Amino acid sequence: MDYKAIVIGSGPGGYTAAIKIAQLGGKVAIVERDLVGGICTNWGCTPSKAMITSAKYAKFASEAESYGVLNNGFKIDFERVVQRRDEIVSNSRNHIRSLLDHWRVDILHGEGEVISNNTVRVKFNQDNSEKTFETENIILATGSTPHTPDFVNSDENDNSIVSSNRLVSIKELPEELTIIGGGIIGLEFSALFSHFGTKVRIIEYMNRCLTGMCGEISEEIQKQLVSQGIEILTSHKVLSVKEGKITVEEITTGATKILDSQMTLVATGRDPVFNTQSLDHVGIKYSKKGIETDSKMKTNFENIYAIGDATGHSVLAHVAMRQGIIAAENIMGQTSEMNYDVIPAVVYTLPEVASVGVIPEDMSGVKEVKFPFSANLRATIEGHDIGFVKLWVNTQTQTLLAAQIIGDYAGEIIQAYADIIALKLNISNVTNIIHAHPTYNEIVKNSLEFALGRVIEYV
Ligand SMILES: Cc1cc2nc3c(=O)[nH]c(=O)nc-3n(C[C@H](O)[C@H](O)[C@H](O)COP(=O)(O)OP(=O)(O)OC[C@H]3O[C@@H](n4cnc5c(N)ncnc54)[C@H](O)[C@@H]3O)c2cc1C
């Protein structure tokens, strides 16, 4: 055998798994046909958050006068935004490459294909040569790609339609942008481009955006986005997108209209990536949703694993990373199982939205509370007092079931609630922990105290 494991795909799932195997003493190779770091580093998390950071500074600049800072107007230098974004992406990619080098993971630049349960063929990018490697285990970490619905013009020359890949590597600021899909990716792009001055419109089929969140949070984020100048059309079904024209049907009335759209992003979800021919040939089970795995991340083969977006469990980098660790540990003789119960999710809009846990369908014995950012001193001092936390608490066990937040730094605050849920902590005990004052994290203690009916800072 050439390797203990070959990992196909170097996104967050793939590189995490490869490094963990190496740390546990296994000889491992990673096959990547494109840029090291996968979607997350090159076309997802990193470039989008780098641009959102610049957008945040544009927001701060627009609000500076109310803080007593006169800036006599400000201007977006999008070339600099692009340069900063690209530097961050390249540094992040180099960092991952250096980690792989440090752990002596062989990086094979080319297309990987599973030939049998012990064989991977690599067609090298450099010279199209092919080589077959024998391996004890295989991990499929091949990621996902934007879903293209049938209503989208299939003509690839239609430049009015862009993918998220193109938007995160865009060099010129679009004047107008229509986003089809009011989910996480759609909302993040809407927030970032609107703060740069792009005229943004969102079209959503459902009657609200972010349908994974509770109604109050959806309503509040829509209100915030509209106040930033974004047009949101909910309950609108897109019938076709072609050459700068979008035909929509208003679901409640059935009326149709044609909207002009210079640039249209289709953000209606992602499809798992895998080579069906190879999976069929070897007999690896999959569905349209993704490659099938058990809780150890094993496919129907004892020594073939699948992780990350390719499994269709979620489209989150941190889930891919955890799955990577589970696969690696099982390969190296430990027994680890994936647990999907507590997965924090963050929407990097301005303000941010975050959630963790599951809102119970049966609300008996469950207390639902809402605690505002305006009752948090740090938030009011800094002028970030828009938003609130919603909690769902089991009153009998005094445990937290779910938390959802809209407000600045929601993505940072949510982890405390995730820990409380995952560790099944008694919330009364959590409120006895001293929290520094004034901090945003005091909202965790105070919201829990509010749920227990004994908060000091809010009535
Ligand atoms: C715009 C955008 C923003 C996002 N923001 C966030 C965020 O803020 N937080 C978050 O948690 N998630 C975010 N995501 C989702 C996140 O990027 C994915 O969940 C994550 O990248 C999945 O990791 P992965 O390891 O499964 O695969 P990927 O990162 O998709 O990587 C798969 C890799 O496999 C390679 N590959 C595929 N087939 C082969 C083959 N046959 N041979 C060789 N190589 C192959 C591909 O080239 C690719 O590099 C975002 C996604 C997008 C599109």
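Atoms within each ligand, like the ligands themselves, are counted from 1 in listed order. Just so it is clear, the structure is predicted and the values come from calculations on it, not from any experiment.
Between atom 8 (O) of ligand 1 and the options Arg33, Glu32, Lys49, the minimum heavy-atom separation is to Lys49. Between the choices Ser10, Gly37, Cys45, Gly44, the shortest heavy-atom distance to atom 14 (N) of ligand 1 belongs to Cys45.
Aromatic ring centres of Phe373 and Phe388: separated by at least 6.0 Å. Between Tyr286 and Phe274, the distance from one ring center to the other falls under 6.0 angstrom. The aromatic ring centres of Tyr340 and His313 sit less than 6.0 Å apart.
When the shell of 6.0 Å around CE of Met206 is examined, it contains 12 or fewer heavy atoms from other residues, nucleotides or ligands. The number of heavy atoms from other shown groups lying within 6.0 Å of CD (Gln334) is above 12. Annotation for His95: atom NE2 does not count as buried by contact number, only 12 or fewer foreign heavy atoms lying within 6.0 Å. Heavy atoms from other residues, nucleotides or ligands lying under 6.0 Å from NZ of Lys242 number 12 at most.
Close contacts between ligand 1 and Val315 involve ligand atoms 12 (N), 15 (C), 19 (O) [criterion: under 4.0 Å to a heavy atom]. Of all atoms in ligand 1, numbered sequentially from 1 with element shown, those under 4.0 Å from a heavy atom of Gly110 are 42 (N), 43 (C). The atoms of ligand 1 that sit less than 4.0 Å from any heavy atom of Ser144 are 30 (O). Under a 4.0 Å criterion applied to the non-hydrogen atoms of Gly38, ligand 1 contributes the atoms 29 (O), 31 (O), 48 (C), 49 (O). Listed by atom number, the atoms of ligand 1 under 4.0 Å from Gly308 heavy atoms are 26 (O).
Looking at Leu167 against ligand 1, nothing comes within 4.0 Å, counting heavy atoms. Of the heavy atoms in Trp43, only backbone atoms (N, CA, C, O) come closer than 4.0 Å to ligand 1. Contact annotation for Cys40 and ligand 1: heavy atoms of both the backbone and the side chain come within less than 4.0 Å of the ligand. Residue Thr41 does not touch ligand 1, judged by heavy-atom distances below 4.0 Å.
The shell of residues lying under 4.0 angstrom from ligand 1, judged by heavy atoms, excludes Asn275. Look at Tyr15 and you'll find every heavy atom at least 4.0 Å from all atoms of ligand 1. In this structure, Glu113 falls outside the shell of residues with a heavy atom less than 4.0 angstrom from ligand 1.
Where the criterion is an N or O separation shorter than 3.5 Å, residue side chain and backbone included, Ile39 meets it with respect to ligand 1. Close N/O approach between Ser164 and ligand 1 is not found [any backbone or side-chain N/O within under 3.5 Å]. Between Val273 and ligand 1, not a single N/O pair is under 3.5 Å apart.
Distance from atom 42 (N) of ligand 1 to its nearest protein heavy atom, with residue and atom name: Gly112 N, 2.9 Å.
A cation-pi contact, defined as under 6.0 Å to the ring centre and within 45° of the axis, is absent between Lys237 and Tyr205.
For Gln224 and Gln228, the side-chain atoms include no donor-acceptor pair closer than 3.5 Å.
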